[in-house]
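Being a predicted model, the structure only gives us computed values, none of them experimental. So that the names make sense, note that chain A is the first sequence line, chain B the second, and so on, each numbered from 1.
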Number of protein chains: 2
Amino acid sequence: MQFSVTEENYLKAIYMLRENNDGGGVGTNELSQQLQNKAASVTDMLKRLAEKKLINYQKYKGVVLTSRGEKLAIKIIRKHRLWETFLVEKLSFKWDEVHEIAEQLEHIQSDELINRLENFIGNPRFDPHGDPIPDSKGQFNFLKSKPLSQFNQKGNYLLTGVSEHSKSFLQHLTSVGLKIGDSIKVDELNAFDNSYKVTINKKNIQFFSNKVASHILVVLKK
Amino acid sequence: MQFSVTEENYLKAIYMLRENNDGGGVGTNELSQQLQNKAASVTDMLKRLAEKKLINYQKYKGVVLTSRGEKLAIKIIRKHRLWETFLVEKLSFKWDEVHEIAEQLEHIQSDELINRLENFIGNPRFDPHGDPIPDSKGQFNFLKSKPLSQFNQKGNYLLTGVSEHSKSFLQHLTSVGLKIGDSIKVDELNAFDNSYKVTINKKNIQFFSNKVASHILVVLKK
DNA sequence: GATAACATTTAGGGCAGCCTAAAAATATAT
DNA sequence: ATATATTTTTAGGCTGCCCTAAATGTTATC
């Protein structure tokens, strides 16, 4: 069965919002914000998706993906991340230039294509933003990284990913000299505004606002 | 200005049908057949395309592309052929497997992407079916090849392309051992049914029906 | 030139996906 | 517990793109 680009985008949005929302269903308002449309339009579509057994939906109670819907959502995410990797690795795009193009490419229908593409780019396990790429069965190789802002301690960290993909944020990271795989040493925590003084790769001293720190995903190095 | 996938497909269809139709505009019926929909739907869309100045349209008189419409059509064809070449050259698809996927990829919007892709695959001038790939300015490098069926003489020919891209036709050519660049010597012309007895690459003897010969594009070797 | 055959357009309608405004349900505050 | 604020749904409507059936224009035939 084939689904429209719009339907696929709803599934992806539900999947991505659920990751934060611990457990509970995703709200209509939340979705309309993510999808840049109105709440009434979302309600409309949720009914259609429920009929197609892609989501479980009860009026006023929010929405969760069925296993069928989740499989589809993961497949779209897989395609998005593989295309992003292709664009950066093979066509030399920068990591802040690929998101919009991948938003289009993720809807191309062909399993054969995506599997060959994966092989062509060397079966990467993470995309250019450090996000894990699920395999063709939908399995993630996951690292339990967290936002830097959730560690309230000095120490040495490894940058494994980012949770914000906007051009302006990615360009900011590039401008402070930061990329996936870099080390970040937290030298000072400012309790007043929750900002950070850090050293990147042992020599580059920078300040991160809490907002920046909340979108930087790290693991603590022992 | 952005156009819908449907609008792009209409422009492409008008462009491709015009190539045969010597001079005159393309008919509504003809288009509905190409686009697999009904004539009434075509009339509907032609009005919209005319308002957007992509075509010149007069009721009952058929349709021609404006220069704006033609530029767009050529761009879509350029993208289609570059993606087909990518799929065959980089992802090892066979020439009969790429058409449907390229029908989707041709609608991806990004000039930067298509130019980088072109460079990545080595600036090819012909796609896997022998069709010329227009450059980023819309210029074709054209060879004046014609269907084999239009030469009414024995002689030596070079296969430069095909005018039918269906899986079944391409697989037929593959099965008789024929690919772009092969030589075809016409040994006999059968006046009764306009079929051909030929020798491929100097050793492989085959028979072509007129239908097959009409979709094989060749140049006469001197 | 009339008539038949064919091509094209109009009229009216359906569905997907969006909208606004108003109503209903739920959550929050007092 | 009631009043208020917020979220969500319903009702009704719009546009893009498709359809069928009927009307109209064009072309071919005698």
Side-chain angles (χ1 to χ4, degrees), chain A residues 1-14 17-18 20-65 69 72-73 76 103-104 107 109, chain B residues 1-14 17-18 20-65 69 72 76 103-104 106-107 109:
Chain A
M1 197 158 288
Q2 300 260 81
F3 300 94
S4 72
V5 168
T6 311
E7 288 170 326
E8 291 193 350
N9 283 335
Y10 271 84
L11 295 179
K12 188 174 55 144
I14 295 165
L17 291 172
R18 179 229 54 173
N20 317 342
N21 282 23
D22 19 45
V26 176
T28 303
N29 242 7
E30 220 177 338
L31 269 169
S32 74
Q33 206 170 339
Q34 177 83 11
L35 294 163
Q36 302 272 63
N37 63 8
K38 297 302 156 100
S41 309
V42 172
T43 302
D44 235 41
M45 177 61 98
L46 293 184
K47 287 179 192 166
R48 280 194 291 272
L49 293 176
E51 268 179 24
K52 297 183 181 184
K53 310 270 189 228
L54 294 168
I55 60 174
N56 288 317
Y57 169 58
Q58 288 171 276
K59 279 191 199 176
Y60 299 102
K61 299 295 181 191
V63 67
V64 290
L65 294 170
L72 253 160
I76 297 157
E103 291 277 304
Q104 298 179 64
H107 301 291
Q109 305 279 1
Chain B
M1 195 157 289
Q2 299 259 83
F3 299 94
S4 72
V5 168
T6 310
E7 287 169 327
E8 292 193 349
N9 283 334
Y10 271 84
L11 296 178
K12 190 175 54 142
I14 294 165
L17 290 172
R18 178 229 55 174
N20 317 342
N21 283 22
D22 19 46
V26 176
T28 305
N29 241 7
E30 220 175 339
L31 269 168
S32 74
Q33 206 170 339
Q34 178 83 11
L35 294 163
Q36 302 272 63
N37 63 9
K38 296 302 156 100
S41 309
V42 172
T43 302
D44 232 42
M45 178 61 99
L46 293 184
K47 289 180 190 164
R48 280 193 292 271
L49 293 175
E51 268 178 24
K52 296 184 181 181
K53 310 268 188 231
L54 294 168
I55 61 175
N56 288 318
Y57 169 60
Q58 288 172 276
K59 278 190 199 175
Y60 299 101
K61 300 294 180 193
V63 68
V64 290
L65 294 171
L72 252 161
I76 296 157
E103 291 277 305
Q104 298 178 63
E106 71 190 6
H107 302 291
Q109 305 280 359

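- The separation between B:Lys47 atom NZ and C:dT8 atom P is 14 Å, rounded to whole Å.
- Between B:Ser41 and D:dC19 there is a side-chain polar atom (N or O) within less than 4.0 angstrom of OP1 or OP2.
- Residues A:Gln109 and A:Glu8 have side chains in contact (heavy-atom distance under 4.5 Å, counting atoms from C-beta outward).
- Within 3.5 Å, no donor on the side chain of B:Asn37 pairs with an acceptor on the base of D:dC17, nor the reverse.
- The side chain of B:Thr6 sits closest to D:dC18 out of D:dC18, D:dA21, C:dG17.
- The shortest heavy-atom contact between B:Gly69 and B:Leu11 is O-CD1, 4.3 Å.
- Whole-Å rounding puts the B:Lys61 NZ to D:dT26 C1' distance at 8 Å.
- Phosphate contact (OP1/OP2 of D:dG16, side-chain N/O of B:Ser4, threshold under 4.0 Å): absent.
- Dashed line: the shortest gap from a side-chain N or O of B:Lys59 to OP1 or OP2 of C:dT10 is under 4.0 Å.
- When distances are taken from the side chain of A:Ala40 to each of C:dT8, C:dT20, C:dT10, the shortest belongs to C:dT20.
- Between A:Leu49 atom CG and C:dA16 atom P the separation is 12 Å, expressed in whole Å.
- Taking atom CG of B:Leu31 as the reference point, atom P of D:dC17 lies 15 Å away to the nearest angstrom.
- Distances from the side chain of B:Asn29 to the nucleotides C:dA7, C:dA11, D:dC18 place C:dA7 closest.
- Applying the 4.0 Å criterion to OP1 and OP2 of D:dA21, one finds that B:Lys38 has every side-chain N and O outside that range.
- Remark: A:Thr43 is in phosphate contact with D:dT9, judged by side-chain N or O atoms under 4.0 Å from OP1 or OP2.
- When the C1' atom of D:dG16 is taken as reference, atom CG of B:Leu35 falls 15 Å away, rounded to whole Å.
- Taking atom CG of B:Asp44 as the reference point, atom P of D:dT20 lies 13 Å away to the nearest angstrom.
- With rounding to whole Å, B:Met45 atom CE is found 8 Å from D:dG16 atom C1'.
- Here B:Arg18 does not pair with B:Glu30 in a salt bridge; the nearest charged N to carboxylate O distance is not below 4.0 Å.
- One can place CD of A:Gln36 at 18 Å from P of C:dG17, the figure rounded to the nearest angstrom.
- The side chain of A:Arg48 lies closest to C:dA16 when the candidates are C:dA16, C:dT9, D:dT20.
- Taking 4.0 angstrom as the limit, B:Tyr57 places a side-chain polar atom (N or O) nearer than this to OP1 or OP2 of C:dT9.
- Looking only at side-chain heavy atoms (C-beta outward), A:Leu65 and A:Leu72 stay at 4.5 Å or farther from each other.
- Ion pair B:Arg48/B:Glu7 not flagged as a salt bridge, since none of the NZ, NE, NH1 or NH2 atoms sits closer than 4.0 Å to an Asp/Glu carboxylate oxygen.
- For C:dA23, neither phosphate oxygen OP1 nor OP2 lies less than 4.0 angstrom from any side-chain nitrogen or oxygen of A:Tyr60.
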